[in-house]
Amino acid sequence: DSSSAAAKSEVQGEKKPADEDDKDDKAAQSLLNKLIRSNLVSNTNQVEVLQKDPNSPLYSVKSFEELRLKPQLLNGVYGMGFNRPSKIQETALPMMLAEPPQNLIAQSQSGTGKTAAFVLAMLSHVEPNNKYPQCLCVSPTYELALQTGKVIEQMGKQYEEVKLVYAIRGNKLPRGTKLHEQIVIGTPGTMLDWCSKFKFIDPKKIKVFVLDEADVMIATQGHQDQSIRIQRMLPENCQMLLFSATFEETVWNFAQRIVPEPNIIKLKREEETLDTIKQYYVLCNSREEKFQALCNIYGAITIAQAMVFCHTRKTAGWLAGELSREGHQVALLSGEMQVEQRAAVIDRFRNGKEKVLVTTNVCARGIDVEQVSVVINFDLPVDRDGNPDNETYLHRIGRTGRFGKRGLAINMVDSKSSMNILIRIQDHFSKNIEKLDTDDLDEIE
Ligand code: ADP
């Protein structure tokens, strides 16, 4: 009996599984990235393409004109300030817009143009005169769905006949409603209910099915099942598109269940390197001495923008307070802030309103603030067991030396054990970390 099955899925969607925190964390990070992203992430790697039919020619476009978009859509794209397709869009767009439509699994880090690509595909495939749902897009959370919805609205600004509706828990429609919007975007549980239990949507009329943020999605078991159940209701000729920022085995297995006979596009994340970065350490005896050293460094060199990493929220809060007492314009990123607040802080920092961003590692994980010239480890990164966290070190420092710029990293050492950590980090990367005397700072500029 389908109604009891749907009821069961509702229950499944409500309960909080043990991995919910992990999922919340991933979804929050992803949302944060979307909120602060104002343009494409640069990536010099080549895309890897695996075609369903390896013998068919591979098209790639260097301009949006080549895609023969409807004029309203071409204007929409240019209206968003896009001049040419991003690296992943160069190959993904011709595949998605081909006739007959092709299925696609695409993986690339956040900020490489995936959302813009599938939004353009949905808008291109819609038949505006048909007043019923033709494209479904599922996202892991309400907030992420809203972000995608905004892109649809922006890109489709001049395509007024095309309407959008959100299939999200709070959006209750009267029984018997038949949707006339062409695009439905929402979370898997509600989307499934709208297709099966309530029949607001006729799944047989869907032409494009998009599953976004697959890696965040599968962190919730219920979402995986719901997505697969939606997919099974769709007609055979429906185009299936799946996107993910990362690609572990579990994501891959899920992707193959959602997308039959896929083309696959992957773009590797840009490698972070310490090669272009000058690394120093400063010896201190206490937190106060570290703060003094930081002030000396600030007094001696012109620093465009710096990020300062602390181990705990408490230290970060204290340090931000001390720095602003010294007259520095400081931004503080702290764990208790809502995602939107964090995004606002990062945004102000990126726009140069503050010169120093003090943060804990947890907070800064996964975000890219690329224009910092100096990274200061007020505390060295360690894992739960107190061992050096080399990966985090690389990720923190790797932000400074981007785009051929030379970066500067300064590590504060205040004990035997932190010296030991420093030496182990140095050995791990086989890159010298030089001692810096903060009373004589001529050498670093
Ligand atoms: P992803 O979905 O991979 O995270 P988005 O599609 O959200 O990436 O794109 C990241 C940022 O780059 C957004 O601010 C978006 O407006 C912008 N963007 C996307 N495609 C282009 C393009 N072809 N040219 C310039 N900017 C683009």
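As the structure lists them, so they are numbered: ligands from 1, and atoms in each ligand from 1. Source: prediction; values computed, not measured.
- When side chains are defined from C-beta on, L211 counts as touching M217, because their heavy atoms get closer than 4.5 Å.
- Counting only N and O atoms by type, the side chains of Q279 and Y393 include a donor and acceptor under 3.5 Å apart.
- In terms of protein heavy-atom proximity, atom 8 (O) of ligand 1 is closest to G113 N, 2.9 Å.
- Each of the atoms 1 (P), 3 (O), 8 (O) of ligand 1 lies under 4.0 Å from some heavy atom of T112.
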Could you please spell out the steps behind the side chain to side chain donor-acceptor pair (under 3.5 Å) verdict for N45 and R269?
CA-CA 8 Å; N45 291 330; R269 175 175 269 281; over 6 Å; no
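- Both cation-pi conditions hold for K205 and Y132: the charged atom is under 6.0 angstrom from the six-membered ring centre and inside a 45 degree cone around its axis.
- Atom 2 (O) of ligand 1 has its closest protein heavy atom at T115 OG1, 2.5 Å.
- The distance from ligand 1 to the heavy atoms of R84 drops below 4.0 Å at these ligand atoms: 22 (C), 23 (N), 24 (N).
- At a heavy-atom cutoff of 4.0 Å, ligand 1 is contacted by the side chain of F64 but not by its backbone.
- Under a 4.0 Å criterion applied to the non-hydrogen atoms of S110, ligand 1 contributes the atoms 4 (O).
- The distance from ligand 1 to the heavy atoms of N39 drops below 4.0 Å at these ligand atoms: 11 (C), 12 (O), 14 (O).
- Considering both main-chain and side-chain atoms, P85 never comes within under 3.5 Å of ligand 1 through any nitrogen or oxygen pair.
- Ligand-side atoms of ligand 1 in range of A116: 6 (O), 19 (C), 20 (N), range being under 4.0 angstrom from any heavy atom.
- Of the options F118, F243, F82, the smallest heavy-atom separation from atom 18 (N) of ligand 1 is shown by F82.
- In this structure, atom 13 (C) of ligand 1 lies nearest to the protein heavy atom R37 CG, 4.0 Å.
- Between F378 and W318, the ring planes lie tilted relative to each other; the angle falls in the 30° to 60° range.
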Quick one: do R348 and E354 satisfy salt bridge (Lys or Arg N to Asp or Glu O under 4.0 Å)? Show the steps, please.
CA-CA 7 Å; R348 287 175 55 84; E354 277 105 11; 2.9 Å; yes
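- A cation-pi contact, defined as under 6.0 Å to the ring centre and within 45° of the axis, is absent between K178 and F200.
- Residues T112 and S86 fail the side-chain proximity criterion, which asks for heavy atoms closer than 4.5 Å.
- Near S86, meaning under 4.0 Å from one of its heavy atoms, ligand 1 places the atoms 23 (N).
- For atom 4 (O) of ligand 1, the nearest protein heavy atom (residue, atom name, distance) is G111 N, 2.7 Å.
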Candidate pair D275 and K431, rule salt bridge (Lys or Arg N to Asp or Glu O under 4.0 Å), full reasoning:
CA-CA 8 Å; D275 288 349; K431 287 264 178 308; 3.2 Å; yes
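- Residue Q89 has at least one nitrogen or oxygen atom sitting less than 3.5 Å from a nitrogen or oxygen atom of ligand 1, judged on distance alone.
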Residues L380, L422; criterion side chain to side chain contact (heavy atoms under 4.5 Å, CB included); working and verdict
CA-CA 8 Å; L380 290 168; L422 186 91; 4.0 Å; yes
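- Checking only distances, K114 does come within under 3.5 Å of ligand 1, N or O to N or O.
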